[in-house]
*Asks:* 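One structure coming up, written as structure tokens, with questions to follow.
Chain letters run A, B, ... following the sequence lines, proteins first, then strands; residues in each count from 1. From a predicted model like this one, the values you see are computed outputs, not experimental measurements.
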2 protein chains.
Amino acid sequence: MAPLDTLPDSSNAALERLRALLEAASSQKEQRLPPERVLAAQIGIGRPALRRALEVLEAEGRIWRHQGKGTFIGPRPSEPHIDMEEVSKRTHPLEVMDARMEIEPMLARLAALRASNGDVERLVRLANKTAESFDADGRELWDSALHRAIAEVAGNSLLLAVFDLINRVRQDRTWQQLRERARSEERQRIYVEQHRRVVAAVAQREAAAAEGAMREHLSFVRDGLLRIMTHSQVGGDDPHSVETTMPFNDKKELQHGT
Amino acid sequence: MAPLDTLPDSSNAALERLRALLEAASSQKEQRLPPERVLAAQIGIGRPALRRALEVLEAEGRIWRHQGKGTFIGPRPSEPHIDMEEVSKRTHPLEVMDARMEIEPMLARLAALRASNGDVERLVRLANKTAESFDADGRELWDSALHRAIAEVAGNSLLLAVFDLINRVRQDRTWQQLRERARSEERQRIYVEQHRRVVAAVAQREAAAAEGAMREHLSFVRDGLLRIMTHSQVGGDDPHSVETTMPFNDKKELQHGT
DNA sequence: CACGGAACCAATTGCCAATTGGTTCGAGGT
DNA sequence: ACCTCGAACCAATTGGCAATTGGTTCCGTG
């Protein structure tokens, strides 16, 4: 931010001194710098001057600081977690369906390519369970289990993590009730049939057919959701339904990592 | 686990008592149950008997417990975070490339469909930056920025989160050095050209071409990585290289969510 | 007016005690 | 001899407190 020329002499002197220190400590295990107050006293300058120098070094990416933690050499480490709440907040329900329609057919294709006989057996069992369940909760549970099993059979643990990421956003309680409104006996019957078709394609190792069947299934689910969202909600007994709307998505605010 | 018939009488009595309690408190805001010791005293039974009953209820999914936290009514809440370290640990480098080859071409296709003129301008600028950079670190940085920009232009915030998930695993320090070994002037020249082709396809809104160009690019990257991993590593000065191998992936251990 | 020092604010860490579910072991009764 | 129960112990979590540390504001000094 601040051009070098505008820095006071003391800060510039500190900068040179610090660069030398960083160079020397680059191969050391001591990646932590002394506290600002101590470091300022060591160099023999004031804290404001030191902070101006550190500001430059941080902008250059040579160090990183955090209140309460300290000052460290090297690039800022990426956070070891992904905040699901943040992701959920930014994501529109239709975006979830779009993402599923891109990811899950691909997983079905991979599953068809890599499924063992035991895998197929498991998928068939799950598909049957989906059909046998009578209460809505049970069906939803087995449905979810089937989709995840396909993702597992695909045999790529990173893509499985991707599936879980999408799935967790999908199971956010705010959208849970949105799906409940889309449920119906007729639609459930069709779901069961579509599931059977996907599993059958995987069982016969027909990758393209599995991908197509899954895409068709999700397309149907998507249409159901769209219809619910388009129709004027008659049963407006839920004040929280406003929160499910969030219609806008400014690209400038699409930021997850550093 | 334990069949109901094998439970002692006291536990069965506690079970009935607890079911009634759960039924009554289902609509209350008090989702937390008293500590086991207190609850046992209230009901008038011993803690072992109470715990057997709670074990059943937990297996049924009506309550969930955690050491140090307490016992709560309802389904176990999903963790609000994804542990990147866990994901990294389970994932083989080639799985990362496979995942990228599935995801990023799709993002390039979506980007071609949804790019604004401003978006295209930005992508062109980034592609040029990649070509202009001379030091290896700078190139890697701009390369990463270009790939992410494409993911942003795709316009689906959930798929952007998916991209970030994969990207963070990719940037794990263990594999960083793997990529460093694959670098070469010749390959970098080709990368630049492939990037240009992807951006050009997006600029002309040719979705299929963009997808194809990105797939070709990643296929090239993947081959480079594969060659490095296949060749006997001459410079075996890194004892940690063993950790990058992890060749096996037992499907039984593929579990992320509940 | 500009720079520097001091004081204050806010976030983080480490520590300790209390709480709570999980486990083990022995007493006591059938 | 076996099973059940109570007690003690173990381990994980929470909350509060003090100390540390980067971030900010304010005022004195030259």
*Asks:* Classify the ring geometry of B/Trp64 against B/Phe72: parallel below 30°, tilted from 30° to 60°, perpendicular beyond 60°.
*Replies:* parallel
*Asks:* Measure CZ/A/Arg32 against C1'/D/dT21 and give the value in whole Å, please.
*Replies:* 8 Å
*Asks:* Regarding A/Arg19 and A/Glu60, does a basic nitrogen lie under 4.0 Å from an acidic carboxylate oxygen?
*Replies:* yes
*Asks:* Below 3.5 Å is the cut-off: list the nitrogen or oxygen pairs between protein and nucleotides 23-29 of chain C, distance only.
*Replies:*
residue: C/dT23; atom: O4; partner: B/Arg47; partner atom: NH2; Å: 3.4

*Asks:* Would you kindly give the CZ-to-C1' distance between A/Arg52 and C/dA2, to the nearest whole Å?
*Replies:* 10 Å
*Asks:* Strictly under 3.5 Å: I want the nitrogen or oxygen pairs between protein and nucleotides 11-17 of chain D, one per line.
*Replies:*
residue: D/dA11; atom: O4'; partner: B/Gln67; partner atom: OE1; Å: 3.4
residue: D/dA11; atom: N3; partner: B/Gln67; partner atom: OE1; Å: 2.6
residue: D/dA12; atom: O4'; partner: B/Gln67; partner atom: OE1; Å: 2.9

*Asks:* Given atom CD of B/Glu36 and atom C1' of D/dA7, what is their separation to the nearest angstrom?
*Replies:* 15 Å
*Asks:* Indicate whether OP1 or OP2 belonging to D/dG22 is found under 4.0 Å from a side-chain N or O atom of A/Thr71.
*Replies:* yes
*Asks:* Whole-Å distance between D/dT21 P and A/Leu54 CG?
*Replies:* 14 Å
*Asks:* Starting at atom CG of A/Leu50, determine the distance to atom P of C/dC3, rounded to an integer number of angstrom.
*Replies:* 17 Å
*Asks:* Starting from P on C/dG4, measure out to CD1 on A/Ile45 and report it in whole angstrom.
*Replies:* 9 Å
*Asks:* Can you measure from CZ (A/Arg100) to CG (B/Leu158) and round to the nearest 0.5 angstrom?
*Replies:* 11.0 Å
*Asks:* Going by an N to O cut-off under 4.0 Å, is there a salt bridge joining A/Glu152 and A/Arg148?
*Replies:* yes
*Asks:* Record whether the side chain of A/Arg37 comes under 3.5 Å of the base of C/dG5 through a donor-acceptor pair of N or O atoms.
*Replies:* no
*Asks:* Listed by chain and number, what are the side chain to side chain contact (heavy atoms under 4.5 Å, CB included) partners of B/Val221, not counting sequence neighbours?
*Replies:* B/Met97, B/Tyr191, B/His217
*Asks:* Heavy atoms only: give me the nearest A/Ala151-A/Leu107 pair and the separation to one decimal.
*Replies:* CB-CD1, 3.8 Å
*Asks:* If we count only N and O atoms by modelled type, under 3.5 Å, do the side chains of B/Ser157 and A/Glu95 hold a donor and an acceptor together?
*Replies:* yes
*Asks:* Between B/Glu55 and B/Arg51, does at least one N-O distance fall below 4.0 Å, as a salt bridge requires?
*Replies:* no
*Asks:* Will you find, in the side chains of A/Arg170 and A/Asn167, an N or O donor that is under 3.5 Å from an N or O acceptor?
*Replies:* yes
*Asks:* Establish, with yes or no, whether the OP1 or OP2 oxygen of D/dG23 is under 4.0 angstrom from a side-chain nitrogen or oxygen of A/Arg65.
*Replies:* yes
